[in-house]
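Notes to accompany the following structure.
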Amino acid sequence: MSGRGAEKRVALVKGDGVGPEVIDGALAVLEAAGADLEFVPVELGYGQWKKTGKAMAEEDLDLVKTCHCVLFGAITTPPDPDYKSVLLTLRKGLDLYANIRPFRTADLDFVIVRENTEGMYSGVEKLDEEEATTLRVITLRGSLRIAEKACAIASKREKLTIVHKSNVLKSDNLFLRICRETAHRWDVPFEDMLVDAAAYNLVINPKRFDVIVTTNLFGDILSDEAAGVIGGLGLCPSANLGEKYALFEPIHGSAPDIAGRGIANPIGAIRSAAMMLEWFGEVGKARMMEEAVEWTLAQKVATPDLGGSCSTREVAEAISKRLAWSD
Ligand code: IPM
Ligand code: MN
């Protein structure tokens, strides 16, 4: 698959726990889809920390930057008080400001567009004996670019819901204003909703949502909730997008409790790989992968998290075989 001179260079970060297992599943399906990619393995995370004392070195970011994007499995947090999240370092280092999380089943279809670089994750914090603070930084530039991204997506769909807590947080007054102005400019139908109400409505009536745009931590929490609503974290992909680079990852973590048993659900990783192909402009192949996933789910070829008894590899093989038939 990794042909010489391939134009699409992908940094492959399998990571820890179930990361390598689900990424191997995604690689098999990419191959079956006929994707022409060059993979550059980059070892980051807990395993690397154990070997070298560092989960990620300075040069690693430089190596990643020689690639177009990253395909990422999952990373286990090392027991190190000085540990800086590898994923957050990559998001910041590559300026991946938009975290796109689609949630799709037979009867639900909505997207969470999460601001990915600021808000509660700005890193302006202090931890003392008696007091700890985290500054929630919302900027005009940060709000504008995520609002633009969300409107671009919503303009091809039905409507936008701006999720915030502006009745309490001054920072969300700015976020809400910019999102409203941007939605007006794009002429996309929109509403806004307080985050607590959004959390409730997501469970009570998820069908009312189409595209949600929100700040970093709210998006983090609501996307795990949304994953629960559609049937499980194992199904859900994500694309972290910037102007230049992108990173694709399943939204689940490294799940050390089931790592090494070959039963992790590869679908989140496979769908993330499909989002990567779409980003590269290979829309046809991406659709075929997504269709093969849906077909496989409909056949009840599933890992234990979905009530099935298949292994990671069996699910990836079923999807790959379906792709071979639809050629
Ligand atoms: C996610 C994860 C990350 C986040 C962690 C691992 C830093 O929960 O991608 O949703 O909080 O953004
Ligand atoms: Mn999360």
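When a ligand or atom number is given, it counts from 1 through the structure's own listing order. Starting from 1, each residue takes its place in the sequence as its number.
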Do any of the N/O/S atoms of Asp224, backbone or side chain, fall under 2.8 Å from the Mn ion (ligand 2)? no
Is Asp60 salt-bridged to Lys54, going by a charged N under 4.0 Å from an acidic O? no
Any idea which part of Met120 is under 4.0 Å from ligand 1, heavy-atom wise: side chain, backbone, both or neither? neither
Sub-4.0 Å protein heavy atom near atom 5 (C) of ligand 1: no
For the residue pair Trp295 and Trp325, does the interplanar ring angle fall in the parallel (under 30°), tilted (30 to 60°) or perpendicular (over 60°) class? perpendicular
In this structure, is the centre-to-centre distance between the rings of His184 and Phe190 below 6.0 Å? yes
Examine Phe103 and Met193 and state if one hydrophobic cluster contains both, with Ile, Leu, Val, Met, Phe, Trp and Tyr joined whenever side-chain heavy atoms are less than 4.5 Å apart. yes
Heteroatom of Asp220 nearest to the Mn ion (ligand 2) (N, O or S, atom name): OD1
Among protein heavy atoms, which lies nearest atom 1 (C) of ligand 1, and at what distance? Arg101 NH2, 3.4 Å
Indicate yes or no: does an N/O atom of Arg91 lie under 3.5 Å from an N/O atom of ligand 1? yes
Would you please say whether a donor-acceptor pair under 3.5 Å links the side chains of Ser272 and Glu249? no
Looking only at protein heavy atoms, which one is nearest to atom 10 (O) of ligand 1, and what is the separation? Asp220 OD1, 2.9 Å
Compute whether any side-chain donor of one residue and acceptor of the other, for Glu118 and Thr139, lie under 3.5 angstrom apart. yes
What about Ile251 and Leu202, same hydrophobic cluster or not, with Ile/Leu/Val/Met/Phe/Trp/Tyr joined at side-chain heavy-atom distances under 4.5 Å? yes
When you look for heavy atoms under 4.0 Å from ligand 1, do you find them on the side chain of His252, its backbone, both, or neither? neither
Atom 11 (O) of ligand 1: which protein heavy atom is closest, and how many Å away? Tyr121 OH, 2.6 Å
